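These notes are about the structure you will find just below.
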Amino acid sequence: MAFLTLAQAKEHLRVDDSAGDADLTLKLAAAERAAIEYLNCNVYADSTALNAAIAAVPATLAAAKVTYDAAYLVAVAITDPDLSLIEQGYAMSVYMRAVYAATRTRQGIVINEQVQSAMLLILGRLYEVREDDAEMPRAAQDLLNPFRCYA
């Protein structure tokens, strides 16, 4: 979901023309994703969307457990012990990804001005620094840290 518009991005970057809109749209999506990944939780447009996502977590986990149980039964029935362990591990990893996604949802936040500002700062970095640079702007980190999830 886009939390910032192309118009907001262009205003922040002081871009007046539309020649680079495709590139800017790509960088805007990357900036939003970078901020969300740094937060380590999902971000929602409003409390209604957050509450709906949280309400869906139990059903999603139940479905993941059913899938895990079925995959585990298949895995333990494999006669080759090495292949059986590999398949058991795969079944567990699929289930754990569902648990991780549920945790990110339960700890989710509603988008706010600080998070949007951090996204714009990250966008500015992506826009200005065209070569390989793994650093997130320190100011963006400072804006995101109060909302960051660690579990």
Side-chain angles (χ1 to χ4, degrees), residues 1-12 21-127 129 132-151:
M1 160 171 262
F3 295 107
L4 298 169
T5 65
L6 183 59
Q8 287 172 307
K10 290 171 94 170
E11 182 181 345
H12 176 73
D21 281 3
D23 180 56
L24 189 52
T25 300
L26 178 68
K27 286 177 172 53
L28 180 57
E32 288 184 357
R33 175 58 44 208
I36 292 168
E37 290 306 314
Y38 183 82
L39 287 168
N40 202 29
C41 63
N42 295 344
V43 178
Y44 297 91
D46 54 42
S47 59
T48 302
L50 172 60
N51 292 336
I54 290 171
V57 165
T60 302
L61 285 177
K65 180 72 165 89
V66 168
T67 302
Y68 165 75
D69 289 343
Y72 183 79
L73 288 176
V74 169
V76 296
I78 297 173
T79 55
D80 181 331
D82 292 333
L83 186 55
S84 177
L85 285 174
I86 290 169
E87 290 301 315
Q88 289 174 45
Y90 176 74
M92 180 56 77
S93 72
V94 170
Y95 180 69
M96 292 311 297
R97 280 194 294 272
V99 170
Y100 175 72
T103 301
R104 285 180 62 102
T105 298
R106 284 185 175 136
Q107 295 179 342
I109 64 166
V110 174
I111 190 79
N112 59 52
E113 295 82 5
Q114 283 178 260
V115 174
Q116 286 178 313
S117 295
M119 290 173 174
L120 288 170
L121 289 170
I122 297 167
L123 172 66
R125 179 68 166 240
L126 291 172
Y127 186 77
V129 181
D132 187 16
D133 182 9
E135 299 231 357
M136 178 182 287
R138 180 68 189 169
Q141 291 177 20
D142 290 343
L143 289 168
L144 294 172
N145 279 336
F147 308 101
R148 197 167 187 201
C149 301
Y150 294 96

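Please read all numbers here as calculations on a predicted model, not as lab measurements. Counting from 1, the numbers follow the sequence of the chain as shown.
- No side-chain donor-acceptor contact under 3.5 Å links D23 and Y127.
- Within the 3.5 Å criterion, the main-chain N or O of I78 finds no donor-acceptor partner in the side chain of E87.
- Rounding to the nearest 0.5 Å gives a distance of 4.0 Å between CZ of R148 and OH of Y38.
- The CZ atom of R104 sits 8.5 Å away from atom CG of L39, with the distance rounded to the nearest 0.5 Å.
- Residue M136 comes nearest to Q141 through the heavy atom pair O-NE2, 3.4 Å, listed as atom of the first residue, atom of the second, then distance.
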Check against side-chain contact (heavy atoms from CB on, under 4.5 Å), L28 and Q8: CA-CA 10 Å; L28 180 57; Q8 287 172 307; over 6 Å; no
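- Residues Y100 and T105 form no side-chain contact, since every pair of their non-hydrogen atoms from C-beta on lies 4.5 Å or further apart.
- Minimum interatomic distance between I122 and A34 (heavy atoms only, all atoms of both residues): CG2-CB, 4.2 Å.
- Pairing each heavy atom of A101 with each of N42, the nearest pair is O-ND2, 4.3 Å.
- The two residues Y72 and A91 make their nearest non-hydrogen contact at N-CB, 4.1 Å.
- Q116 contributes atom CD, which lies 13.0 Å from atom CG of L123 (distance to the nearest 0.5 angstrom).
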R138/D142 under side-chain contact (heavy atoms from CB on, under 4.5 Å): CA gap, chis, key distance, verdict: CA-CA 6 Å; R138 180 68 189 169; D142 290 343; 3.4 Å; yes
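- Side-chain atoms of V43 and F147, non-hydrogen and from C-beta on, never get closer than 4.5 Å to each other.
- Separation of atoms CG (L144) and CD (Q114) is listed at 8.5 Å; rounding is to 0.5 Å.
- Closest approach of I111 and V115 over heavy atoms only: CD1-CG1, 3.5 Å.
- Put simply, the side chain of R106 never gets that close to the backbone of I54: no donor and acceptor are under 3.5 Å apart.
- Other residues, nucleotides and ligands place no more than 12 heavy atoms under 6.0 Å from the CD atom of E135.
- Contact record, V57 with A102: CG1-CB, 3.7 Å, taken as the closest heavy-atom pair.
- Rounding to the nearest 0.5 angstrom, the gap separating the CG atom in L50 from the SG atom in C41 is 9.5 Å.
- Between the side chains of Q88 and S84, at least one donor N or O sits under 3.5 Å from an acceptor N or O.
- Put simply, CG on L24 and CG on L6 are 5.5 Å apart, with the number rounded to the nearest 0.5 Å.
- Salt-bridge formation is not detected for the pair K27/E32: no Lys NZ or Arg NE/NH1/NH2 atom is positioned less than 4.0 Å from an Asp or Glu carboxylate oxygen.
- Under the 4.5 Å side-chain criterion, counting only non-hydrogen atoms from C-beta, Y44 is not in contact with N51.
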